[in-house]
There are 2 protein chains.
Amino acid sequence: MNTDALRGHMDALLLSVLEHEPLHGYAIIEALQERSGGALTVPTGTVYPALRRLERVGHLDSEWATVGGRKRRTYRLTPAGRAALAGERSAWRAFTTAIGSVLEPHRTS
Amino acid sequence: MNTDALRGHMDALLLSVLEHEPLHGYAIIEALQERSGGALTVPTGTVYPALRRLERVGHLDSEWATVGGRKRRTYRLTPAGRAALAGERSAWRAFTTAIGSVLEPHRTS
DNA sequence: AGTCTACATGTAGTCTCTCTATATGTAGGC
DNA sequence: GCCTACATATAGAGAGACTACATGTAGACT
């Protein structure tokens with residue numbers, strides 16, 4: 001289902017999934033899976049490092065919690081992260097428009 | 001205009017631009033630029049190696065020609081390349097659908 | 001008691017592709 | 001003579017996604 005075409009879009013996905021509620025890594029993976037209708041199965045070795053990277057650059061911050069004896073690191077968007085998400089969204093639209101116009105021959109008008 | 005988000009989509013772009021006519025590297029770069037409305041400026045250091053890679057895996061083959069004293073290597077789709085293009089197209093649709101459904105919150109219906 | 005699955009996080013190392021920078025050469029206009 | 005457009009090519013850097021591994025708790029089932 002996924003090649004390494006995700007490259008450069010992981011940030012957008014992670015920020016987007018955290019837009020309305022803070023989540024921990026495992027829940028983020030499930031949310032991505034669910035929201036994409038099962039198409040996105042992102043491995044833990046991709047998600048956890050990416051979350052840390054986003055925290056390092058100030059788009060997320062995190063907090064530890066213990067729920068039912070299990071430790072969770074819950075991530076939430078920072079204001080900078082929210083701004084970055086907006087940028088990612090418009091970049092995504094520009095990206096799909098550009099590639100799409102090359103890939104899909106249609107519409108000369 | 002372009003980050004390295006192209007990663008994994010170059011093949012699709014190159015195959016697509018060669019679908020209806022064989023072209024040489026330089027012309028391919030111009031075609032990409034034109035078809036995308038100027039959004040895609042792909043450097044030569046990306047295109048030439050990618051073309052050779054696609055030739056190596058059998059999706060393209062090439063032929064030298066001299067036009068006006070200048071040497072050109074003209075690439076054309078092989079049958080395998082044509083099949084690969086079809087695959088790339090459906091992969092692209094699946095990809096945009098998946099990412100889009102995560103990124104754009106709308107439409108619950 | 002032992003095993004298995006779901007929950008939960010993390011890192012080291014690999015892989016592969018895109019980009020930057022550089023090199024080389026022709027043709028034509030100024 | 002110089003500059004721009006045309007035309008191809010490669011070496012090296014850089015970055016991020018993946019595989020595989022390591023670790024541990026909770027609960028269900030046998």
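Residue numbers begin at 1 in each chain, while the letters A, B, ... track the order of the sequences.
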Closer than 4.0 Å, any side-chain N/O of [X] to the OP1 or OP2 of [N]?
| X | N | value |
| --- | --- | --- |
| A:Arg7 | D:dA17 | no |
| A:Arg72 | C:dA8 | yes |
| B:Tyr48 | D:dA9 | no |
| A:Arg53 | D:dA17 | yes |

I need the [atom1]-[atom2] distance between [X] and [N], as an integer number of Å.
| X | N | atom1 | atom2 | result |
| --- | --- | --- | --- | --- |
| B:Leu51 | C:dC19 | CG | C1' | 16 Å |
| A:Arg70 | C:dA6 | CZ | P | 12 Å |
| A:Leu54 | D:dA15 | CG | P | 15 Å |
| A:Ile28 | C:dT9 | CD1 | C1' | 12 Å |
| A:Tyr26 | D:dA26 | OH | P | 16 Å |
| A:Arg73 | C:dG10 | CZ | P | 5 Å |
| B:Arg56 | C:dT16 | CZ | P | 11 Å |
| A:Lys71 | D:dG24 | NZ | P | 12 Å |

## Note on the structure
Judged by nearest nucleotide, the residue sitting upstream toward the 5' end of DNA chain D, B:Ala27 or A:Gly45, is B:Ala27
### Message
Using every non-hydrogen atom in the two residues, find where B:Val47 and B:Gly25 come nearest and quote the distance to one decimal.
### Response
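Scanning both residues, the minimum pair turns out to be CG1-O, 4.4 Å.
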#### Entry: Heavy-atom pair of closest approach, residues A:Leu103 and B:Ser16
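Heavy atoms of A:Leu103 and B:Ser16 come nearest at CA-OG, 3.6 Å.
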#### Entry: Side-chain ion pair, B:Glu21 and B:Arg76, N-O less than 4.0 Å
no
### Query
Salt bridge or not for B:Glu19 and B:Arg89, using N-O below 4.0 Å?
yes
### Task
Spell out yes or no: do the side chain of B:Thr44 and the base of D:dA9 have one donor N/O and one acceptor N/O closer than 3.5 Å?
yes
### B:Arg52 (side chain) and D:dA9 (base): donor-acceptor pair under 3.5 Å
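Such a pair does not exist between side chain and base.
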### Task
Select from B:Pro49 and B:Gly69 the residue whose nearest nucleotide in DNA chain C is closer to the 5' end of that strand.
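Here B:Pro49 is the residue nearer the 5' end.
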### Query
Would A:His9 and A:Trp92 count as a side chain to side chain contact (heavy atoms under 4.5 Å, CB included) if you check the C-alpha gap in whole Å, the side-chain angles of each, and the deciding distance to 0.1 Å?
CA-CA 8 Å; A:His9 306 290; A:Trp92 169 253; 3.9 Å; yes
